[in-house]
Amino acid sequence: MAGGEKKGRACSHGEPLPPSDEPQGFPEEQPQLGPPRREEEQEEDGEEEESERSEDYLKGVLDEETAAEGLHTFGYSAPGTEYVYLHLSLPGRELSDISILSGYTHLQKMELCCNKINDNEIGEIRGLERCHSLTQLGLSHNKLTAIRGLEDLPITILNLSFNQIEKVDGLKNLKKLHRVDLSYNKINSLQGLEGHDVLEEINLEENQVAELWELEWIEDLPLLRVLNLLKNPIQEQRDYWLSAIFMLLQVTELDLRKVSVEEKVAAVNKQNPPPEVVAAMDHRTQVLFNISQPQTVLHSTLPGVDEPYPMLVLLGPLAAGKRELALKICSEFKNFFRFGQGTRPDMG
């Protein structure tokens with residue numbers, strides 16, 4: 001064969017095949033492009049929801065770190081055996097759960113106003129039942145609807161103003177209570193305030209107390225000195241001011257006004273006057289009535305229209321017996337004479 005012979009693969013038709021650059025074996029698997037897997041998305045969403053639920057649950061729950069921020073005023077505990085924090089102040093923290101405070105048994109004063117504390121589904125305040133040294137408690141501007149959960153605590157000053165309380169039904173066992181502020185609630189009865197022998201001040205401004213007889217619940221409180229019923233329907237009652245003073249004579253300040261001694265006397269004279277006042281008022285009534293009547297000569301003194309009108313005047317010095325003589329004449333001539341008294345000092 002003439003010329004150089006080239007070596008190469010030949011196809012079935014006898015034409016040489018070009019040399020192959022592809023590596024031998026299976027080709028590499030390429031990654032798929034497209035959206036992420038749905039299962040992974042669901043797992044991530046579930047974790048996020050669980051995290052959000054956990055955050056929502058913890059939001060509003062008082063913890064030790066937050067409580068520590070509000071502790072102040074060092075002093076001895078009630079037994080005098082420890083040096084502890086005595087006061088706690090946490091206003092405006094959006095707290096709704098204060099259960100942790102059950103462990104702060106040495107606290108004597110708590111100020112928890114402007115939060116979201118409520119009496120929960122079982123209808124009582126939880127977290128204070130073991131605070132047996134607590135004497136001052138402020139829970140104003142919260143979401144309380146009842147007063148329960150404070151039984152047997154030594155509280156002397158209690159502020160529950162600006163809540164949604166409808167009944168005073170949880171103070172029965174607070175026997176050391178001196179001052180209570182229940183203003184700006186929805187209370188319509190004073191029942192529940194009776195029996196507090198050391199209670200001195202009650203603030204019920206802006207409530208729904210309407211009847212005067214409601215004051216009977218507190219009329220036997222011996223030390224009550226200050227009562228505020230401003231902006232209650234009871235003030236529209238007739239003679240409210242004197243009636244309230246009469247029922248609560250021990251009070252010295254009513255509706256932010258000092259009660260004077262003269263007002264107390266006027267209240268007693270109007271509602272339950274003593275006999276001498278009754279007699280004086282009756283006499284005045286009779287005098288005014290007689291003055292208003294026309295002045296006429298009584299018909300019993302006139303024998304007849306056509307007959308003369310006899311008159312006998314006895315004159316003489318004092319102690320001359322004119323009175324005895326006049327009486328004798330009137331008795332013997334009773335058809336003609338009646339005894340009368342002169343207007344001059346020297347006339348008998």
Review point. Any link between Leu230 and Val259 through a network of hydrophobic side chains (Ile, Leu, Val, Met, Phe, Trp, Tyr) touching at under 4.5 Å?
Key: no

Revision key, fill the gap. Looking only at heavy atoms, the pair that brings Tyr76 and Gln108 closest together is O-NE2, 4.1 Å

**Study point:** Closest non-hydrogen atom pair between Leu90 and Asn115, with its separation
**Key:** O-ND2, 3.0 Å

Practice item. Without swapping roles, check the side chain of Asn207 against the backbone of Ile187 for a donor-acceptor pair under 3.5 Å. Key: yes

Exercise for review: Could you check if a side-chain atom of Ser140 sits within less than 4.5 angstrom of a side-chain atom of Tyr184, using non-hydrogen atoms only?
Suggested key: no

Point to revise | Donor-acceptor pair, side chain of Asp255 and main chain of Trp241, under 3.5 angstrom | key: no

Point to revise | Co-membership, hydrophobic cluster, residues Ile202 and Val198, 4.5 Å side-chain | key: no

Exercise for review: Could you check if a side-chain atom of Ile147 sits within less than 4.5 angstrom of a side-chain atom of Leu182, using non-hydrogen atoms only?
Suggested key: yes

Review point. Do you know the tightest heavy-atom contact between Cys131 and Pro154?
Key: O-CD, 4.3 Å

Practice item. Step by step, work out the side-chain contact (heavy atoms from CB on, under 4.5 Å) result for Ile98 and Arg126. Key: CA-CA 7 Å; Ile98 56 172; Arg126 301 296 298 273; over 6 Å; no

Point to revise | Derivation of the side-chain contact (heavy atoms from CB on, under 4.5 Å) call for Leu150 and Leu128 | key: CA-CA 7 Å; Leu150 306 177; Leu128 304 178; 3.9 Å; yes

Practice item. Would you give the length of the straight line joining atom CG of Asn228 to atom CG of Leu254, rounded to the nearest 0.5 angstrom? Key: 8.0 Å

Exercise for review: Check whether any side-chain heavy atom of Glu194 lies under 4.5 Å from a side-chain heavy atom of Asp220, and answer yes or no.
Suggested key: no

Point to revise | Check: Lys264 side chain, Leu249 main-chain N or O, donor-acceptor pair, under 3.5 Å | key: yes

Point to revise | Lys175, NZ: over 12 other non-hydrogen atoms inside 6.0 angstrom | key: yes

Practice item. Working to the nearest 0.5 Å, report the span between CG of Asp63 and CG of Asp97. Key: 10.5 Å

Only distances under 3.5 Å count here; give the side-chain donor-acceptor pairs of residues 267-289 to other protein atoms, sequence neighbours excluded, each with its distance to 0.1 Å.
| unit_1 | atom_1 | unit_2 | atom_2 | d |
| --- | --- | --- | --- | --- |
| Asn269 | ND2 | Val265 | O | 3.4 |
| Gln271 | NE2 | Ser243 | OG | 3.4 |
| Thr285 | OG1 | Met281 | O | 2.9 |

Practice item. State, yes or no, whether a side-chain contact exists between Ile245 and Val251 at a heavy-atom distance under 4.5 Å. Key: no

Check your understanding: Is there a donor-acceptor pair under 3.5 Å between the side chain of Thr252 and the backbone N or O of Arg225?
Key -> yes

**Study point:** same_hphob_cluster(Met247, Val209) at 4.5 Å side-chain heavy-atom cutoff
**Key:** yes

Check your understanding: Same cluster or not: are Trp213 and Leu193 linked, directly or through other Ile, Leu, Val, Met, Phe, Trp or Tyr residues, by side-chain heavy atoms under 4.5 angstrom apart?
Key -> yes

Exercise for review: Decide yes or no for Leu215 and Leu229: does some side-chain heavy atom of the first lie under 4.5 Å from some side-chain heavy atom of the second?
Suggested key: yes

Practice item. Report yes if the side chains of Leu227 and Leu248 come closer than 4.5 Å at any heavy-atom pair, otherwise no. Key: yes

Check your understanding: Gln235 side chain to Pro233 main-chain N or O, any donor-acceptor pair under 3.5 Å?
Key -> no

Review point. Are a donor atom and an acceptor atom from the side chains of Asn173 and Glu151 found within less than 3.5 Å of each other?
Key: no

Review point. Hey, is the main chain of Ala210 close enough, under 3.5 Å, to the side chain of Gln237 for a donor-acceptor pair?
Key: yes

Point to revise | side chain to side chain donor-acceptor pair (under 3.5 Å) contacts touching residues 79-96 (sequence neighbours left out) | key: Glu69-Arg93, Thr73-His87, Glu82-His106

**Study point:** Taking every non-hydrogen atom, the tightest pair across Tyr104 and Ala67
**Key:** OH-CB, 3.5 Å

Exercise for review: Spell out, as yes or no, whether a donor-acceptor pair under 3.5 Å connects the side chain of Glu201 to the backbone of Leu199.
Suggested key: no

Review point. Between Glu214 and Glu211, is there a donor-acceptor pair closer than 3.5 Å when you use the side chain of the first and the backbone of the second?
Key: no

**Study point:** Shared hydrophobic cluster, Leu86 / Leu71 (ILVMFWY, side-chain heavy atoms < 4.5 Å)
**Key:** no

Point to revise | Pair Tyr240, Asn232: side-chain N/O donor-acceptor within cut-off below 3.5 Å | key: no

**Study point:** Contact check, side chains of Val180 and His196, non-hydrogen atoms, under 4.5 Å
**Key:** no

Check your understanding: Where is the tightest heavy-atom contact between Ser99 and Ser102, given as atom of each residue plus distance?
Key -> O-OG, 3.0 Å

For residues 156-169, run the donor-acceptor check on the side chains, cut-off 3.5 Å, and write out each pair with its distance to 0.1 Å, sequence neighbours left out.
| unit_1 | atom_1 | unit_2 | atom_2 | d |
| --- | --- | --- | --- | --- |
| Thr156 | OG1 | Thr135 | O | 3.1 |
| Asn159 | OD1 | Ser161 | N | 3.1 |
| Asn159 | OD1 | Ser161 | OG | 2.8 |
| Asn163 | OD1 | Asn142 | N | 3.2 |
| Asn163 | OD1 | Lys143 | N | 3.3 |
| Asn163 | OD1 | Leu144 | N | 3.0 |
| Asn163 | ND2 | Leu139 | O | 3.1 |
| Asn163 | ND2 | Leu160 | O | 3.1 |
| Asn163 | ND2 | Ser161 | O | 3.1 |
| Asp169 | OD2 | Arg148 | NH1 | 2.9 |

Check your understanding: Quick check: are there more than 12 heavy atoms from other residues, nucleotides or ligands sitting under 6.0 Å from CD of Glu332?
Key -> yes

Check your understanding: Is there a side-chain contact between Leu101 and Leu88, using heavy atoms and a 4.5 Å cut-off?
Key -> yes

Review point. Do Ser77 and Val84 pass the side-chain contact (heavy atoms from CB on, under 4.5 Å) test, and can you show the C-alpha distance, the side-chain angles, and the key distance before you say yes or no?
Key: CA-CA 6 Å; Ser77 61; Val84 296; 4.0 Å; yes

